[in-house]
Asker: 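Before we start, here is the structure in question, set down as structure tokens.
In what follows, every heavy atom counts, from backbone to side chain, and hydrogens, waters and symmetry copies are set aside. Residue numbers count from 1 along this sequence.
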Amino acid sequence: MNYINVNSFKFRELGPSCFIWLPLKSVPVVDREPVNSLHQPALSIFALAEWSAREKFLTDDQKYLDELAGQYDEMGYFLIHIDRPIVPKPVFGIIGITLYHDAWCDGRATIFNAREVKYGEIVKDPVNLKVVNTNLEMPFKKAVYKKHDIIGYQAIHDDIDVGRGAFDD
């Protein structure tokens, strides 16, 4: 998987023309992967523009993308595209995070204008996503639309494995 480190960029200074909105409902999925996994065929073509924070909207970059996402009444992703002299080569990727589990890495795109479904909550109007290579649609019941919210903003590290062996004799 290709990674782009976006920590050196200031999204507000880049401006809205460097960010492309990709609606969640327009991305076909395979049903064996999470909808925002970069193992999804439609998302795997993008480099992961990696970001993370401890809290939602902690960074100015997150606040800026929240402002941009507020223009849309749907869940979606942001693609970043920079083709200017400020970078040595053009940048094109999808905003997301890396997940670490037992030294295995998996990229996930951040879903904007979405909140996680609460335990026991029934999703009344799920977004229907087209399943790859069929005429079927899959109701996405793990998130609901909520403007100015995001899912997948925080990198997850398996602390048990990271610290394993630290106190072994």
Asker: Among the clusters formed by ILVMFWY side chains lying less than 4.5 Å apart, do Leu22 and Ile20 turn up in the same one?
Answerer: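 Linked within one cluster.
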
Asker: Are more than 12 heavy atoms, taken from residues, nucleotides or ligands other than Glu121, located less than 6.0 Å from that residue's CD atom?
Answerer: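 Counting other residues, nucleotides and ligands, CD of Glu121 exceeds 12 neighbours.
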
Asker: Identify which one of Asn36, Leu24, Val35, Leu43 satisfies the side-chain contact (heavy atoms from CB on, under 4.5 Å) criterion when paired with Val29.
Answerer: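 The passing option is Val35.
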
Asker: For Ser44 and His39, indicate whether the former's side chain and the latter's backbone hold a donor-acceptor pair under 3.5 Å.
Answerer: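 No, the answer is negative, given that no donor and acceptor are paired below the 3.5 Å cut-off.
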
Asker: Report the residue from Ile4, Ile80, Leu38 that forms a side-chain contact (heavy atoms from CB on, under 4.5 Å) with Ile94.
Answerer: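 Exactly one option meets the side-chain contact (heavy atoms from CB on, under 4.5 Å) with Ile94, and it is Leu38.
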
Asker: Minimum heavy-atom separation for Tyr77 and Ala109, please, with both atom names.
Answerer: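 Tyr77 and Ala109 have their closest heavy atoms at CD2-CB, 3.5 Å.
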
Asker: Nearest 0.5 Å, please: how far is CZ in Phe112 from CG in Leu68?
Answerer: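 If we round to the nearest 0.5 Å, Leu68:CG and Phe112:CZ are 9.0 Å apart.
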
Asker: Please find the pair of heavy atoms, one from Ile111 and one from Met75, that lie closest to each other, and give the distance.
Answerer: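 In this case the closest contact between Ile111 and Met75 is CG2-CB, 4.2 Å.
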
Asker: Report yes if some heavy atom in the side chain of Glu50 is under 4.5 Å from a heavy atom in the side chain of Asn5; otherwise report no.
Answerer: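 No, too far: nothing below the 4.5 Å cut-off.
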
Asker: About how many Å separate NZ of Lys141 and CG of Asn128, when rounded to the nearest 0.5 Å?
Answerer: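 Atom-to-atom, Asn128:CG and Lys141:NZ are 9.5 Å apart.
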
Asker: Which atom pair, heavy atoms only, marks the closest approach of Glu137 to Val131?
Answerer: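 Residues Glu137 and Val131, closest heavy atoms: C-CG2, 4.2 Å.
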
Asker: Using side-chain hydrogen bond (donor to acceptor under 3.5 Å, both in side chains), reason through Trp21 and Glu74 one step at a time and then give a plain yes or no.
Answerer: CA-CA 10 Å; Trp21 181 252; Glu74 61 188 341; 3.1 Å; yes

Asker: Please answer: with hydrophobic residues joined when any side-chain heavy atoms are less than 4.5 Å apart, are Val127 and Val123 in the same cluster?
Answerer: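 No; tracing contacts between hydrophobic side chains, which count when under 4.5 Å, never links both residues.
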
Asker: Can you list, pair by pair, the side-chain donor-acceptor contacts under 3.5 Å of residues 8-19, counting residues two or more places apart and other chains?
Answerer:
residue : atom : partner : partner atom : Å
Arg12   : NE   : Asp60   : OD1          : 3.2
Arg12   : NE   : Asp60   : OD2          : 3.1
Arg12   : NH1  : Glu67   : OE1          : 3.1
Arg12   : NH1  : Glu67   : OE2          : 3.4
Arg12   : NH2  : Asp60   : OD1          : 3.0
Arg12   : NH2  : Glu67   : OE2          : 3.2

Asker: In chain order, what residues pass the side chain to side chain contact (heavy atoms under 4.5 Å, CB included) check against Glu116, with sequence neighbours excluded?
Answerer: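 Partners of Glu116 under the side chain to side chain contact (heavy atoms under 4.5 Å, CB included) test: Ile151.
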
Asker: Report the relative orientation of the aromatic rings in Phe92 and His81; use parallel for angles under 30°, tilted for 30 to 60°, perpendicular for over 60°.
Answerer: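 Ring orientation of Phe92 relative to His81: perpendicular.
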
Asker: Going by distance alone, is a donor N or O of one side chain under 3.5 Å from an acceptor N or O of the other, for Thr110 and Trp51?
Answerer: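 Per modelled atom types, Thr110 and Trp51 side chains form a pair under 3.5 Å.
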
Asker: In the hydrophobic cluster built from side-chain contacts under 4.5 Å, what are the other members alongside Val30?
Answerer: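 Its cluster partners, ordered by chain and number, are Val132.
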
Asker: Begin with the C-alpha distance, continue with both residues' side-chain angles, and end with the deciding distance and a verdict on side-chain contact (heavy atoms from CB on, under 4.5 Å) for Val144 and Val117.
Answerer: CA-CA 6 Å; Val144 292; Val117 173; 4.1 Å; yes

Asker: Which atom pair, heavy atoms only, marks the closest approach of Gly107 to Leu48?
Answerer: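 Answer, listing the atom of Gly107 first, then Leu48: CA-CD2, 4.1 Å.
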
Asker: Are the side chain of Asp66 and the backbone N or O of Phe57 linked by a donor-acceptor pair below 3.5 Å?
Answerer: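 Pair absent, no side-chain N/O of Asp66 close to backbone of Phe57.
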
Asker: State, to 0.1 Å, how close Gln40 and Pro28 come at their nearest heavy-atom pair, and which atoms those are.
Answerer: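 Between these two residues, the closest heavy atoms are OE1-O, 4.3 Å.
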
Asker: Find out if a path of hydrophobic residues (ILVMFWY) with successive side-chain heavy-atom gaps under 4.5 Å connects Ile150 to Leu58.
Answerer: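 In one cluster: no.
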
